[in-house]
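See structure below.
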Amino acid sequence: MIPVKEAKSIIHKHIPLSGNETVLLKDSGNRVLAQDIIATFPMPSFDNSAMDGFAVRAVDTKGADQSLPVTLKMVGVSSAGSPGDITLGPGECAQCMTGAIIPNGADAIVMVEDTSGFSDTDSVQIFQEAKTGKHIREKGEEIQDRNMLIPKGTHITPNEIGTLATFGYGEISVAKKPRIAIFGTGDELVEPGIELKQGQIYNSNIYIFAELAKKSGAEVVMRDVIKDDPESLRAFLLEALKTCDMVISSGGVSMGRFDYVRDVFMDLGVQEHFWKVAQKPGKPFFFGTGESTLIFGLPGNPVSSYIGFMEWVWPVLDVMMGKSEQNFLTGILKASFPREKVKCRFLFGKAWMEDGKLVCKPSSKMGSHMLSSSLEANCILGSGTGDSSLQPGEEIRVNVLPWKNIK
Ligand code: AMP
Ligand code: MG
């Protein structure tokens with residue numbers, strides 16, 4: 001059994017980068033940027049109207065109000081998308097819609113509500129004096145040309161994708177999705193939807209793995225639930241080692257009589273870097289490498305599998321994709337947290353804000369078979385080793401589940 005810290009540093013020596021590829025913008029959601037995104041022009045890229053109204057020379061509207069309107073000559077219409085070839089002389093104005101180019105000579109917009117309105121006549125009454133610059137969005141006021149917008153390593157979410165489109169990035173360079181094989185093993189496992197017989201249980205872990213892999217930005221290319229049978233395991237793994245960047249298994253990797261996963265890994269020439277880590281849950285945790293494949297063997301108890309993925313596999317996928325985010329926070333415990341003398345302890349937990357501080361408590365269901373402990377959770381709490389429990393008021397590491405909120 002090796003300490004968590006040592007296990008982490010061993011894994012880190014073996015993480016390959018997944019490489020880059022170019023994708024269409026519409027396919028870039030949930031991918032990780034492999035290039036810095038720079039403004040390719042200023043934003044706005046030309047002076048334009050913030051309102052539907054009339055482009056005027058502010059000086060021509062001096063003193064205008066409801067009782068004493070100013071009448072201006074209407075010389076054209078600038079609509080959004082039109083080339084903006086209108087020029088105003090003294091006493092002239094032009095209809096100018098939201099997003100349309102400001103006509104030459106104009107220096108303010110009067111909104112249509114403060115005028116006699118749009119019409120086909122060639123004059124309009126202005127009911128309000130305009131200040132220079134009013135309702136004009138100035139070229140470059142939001143972003144200047146060549147500004148850094150989004151750094152490489154950023155996960156592309158709805159927040160980023162709009163800006164990529166705004167600056168015309170039709171194709172972008174992103175990290176390749178790590179190709180993953182996931183499998184569960186156990187003679188007792190049955191797929192949801194099928195009737196259980198005595199002693200059987202439903203496979204939950206492979207559904208968890210698949211969902212986590214998708215959320216992390218990886219691609220599951222092989223997925224199966226396999227009997228505790230070396231030959232069947234061998235067949236799956238032979239293919240997985242040939243085609244995948246990573247293999248993640250659940251179950252069959254501890255001390256049981258029918259736990260064949262580790263033996264089969266070894267038979268196939270996988271190099272074992274460690275097996276058994278000083279952590280609870282999830283002690284019988286295997287890490288090895290094939291020629292170009294990382295192999296994680298997680299124990300089958302559902303909480304061990306889930307937490308094992310989030311604590312060990314997810315950060316590795318982040319590194320493979322060059323992702324820069326880091327979700328660890330420090331929270332103050334509102335309830336005690338059990339520690340172990342020689343093992344790190346992980347539990348699903350709930351974190352929330354109270355008086356401006358992040359506070360948290362572990363799930364009261366602490367067994368590694370109790371998967372419903374994830375239902376209330378928005379984080380995984382993790383402590384180092386210790387002789388006694390952490391007490392309320394003490395600090396603990398909070399690994400926020402990236403798709404959950406802290407309220
Ligand atoms: P193992 O690591 O194979 O000894 O399994 C430990 C426990 O986890 C046993 O109670 C198994 O029945 C259970 N288990 C193993 N794989 C799964 C799975 N895919 N889904 C749900 N429970 C599982
Ligand atoms: Mg088993």
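In this text the structure is predicted, and so the values were computed from the model without any measurement. When a ligand or atom number is given, it counts from 1 through the structure's own listing order.
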Quick one: side chains of residues 360-370, donor-acceptor pairs under 3.5 Å with protein atoms, not counting sequence neighbours, listed by atom name and distance.
from   : atom 1 : to     : atom 2 : distance (Å)
Ser363 : OG     : Lys365 : N      : 3.1
Ser363 : OG     : Lys365 : O      : 3.4
Lys365 : NZ     : Ser372 : OG     : 3.0
Ser368 : OG     : Asn301 : ND2    : 3.4

The single option from Tyr306, Phe209, Trp403 that satisfies ring pair (Phe, Tyr, Trp, His ring centres under 6.0 Å) with Trp314 is Trp403

So side-chain hydrogen bond (donor to acceptor under 3.5 Å, both in side chains) across residues 18-36, not counting sequence neighbours, yields Glu21-Arg31, Asn30-His155

Anything under 30° is parallel, anything over 60° is perpendicular, the rest tilted; go ahead and classify Phe296 against Phe285. parallel

Among all residues two or more places apart in sequence or in another chain, which pass the side chain to side chain contact (heavy atoms under 4.5 Å, CB included) test with Pro192? Tyr202, Tyr207

Within the 6.0 Å centroid threshold, strictly below: Phe286 and Phe274: no

For a quick check: using heavy atoms under 4.0 Å, what are the residues in contact with ligand 1, sorted by chain and number? Glu188, Leu189, Ile201, Tyr202, Asn203, Ser204, Asn205, Ser250, Gly251, Gly252, Ser254, Pro299, Gly300, Asn301, Pro302

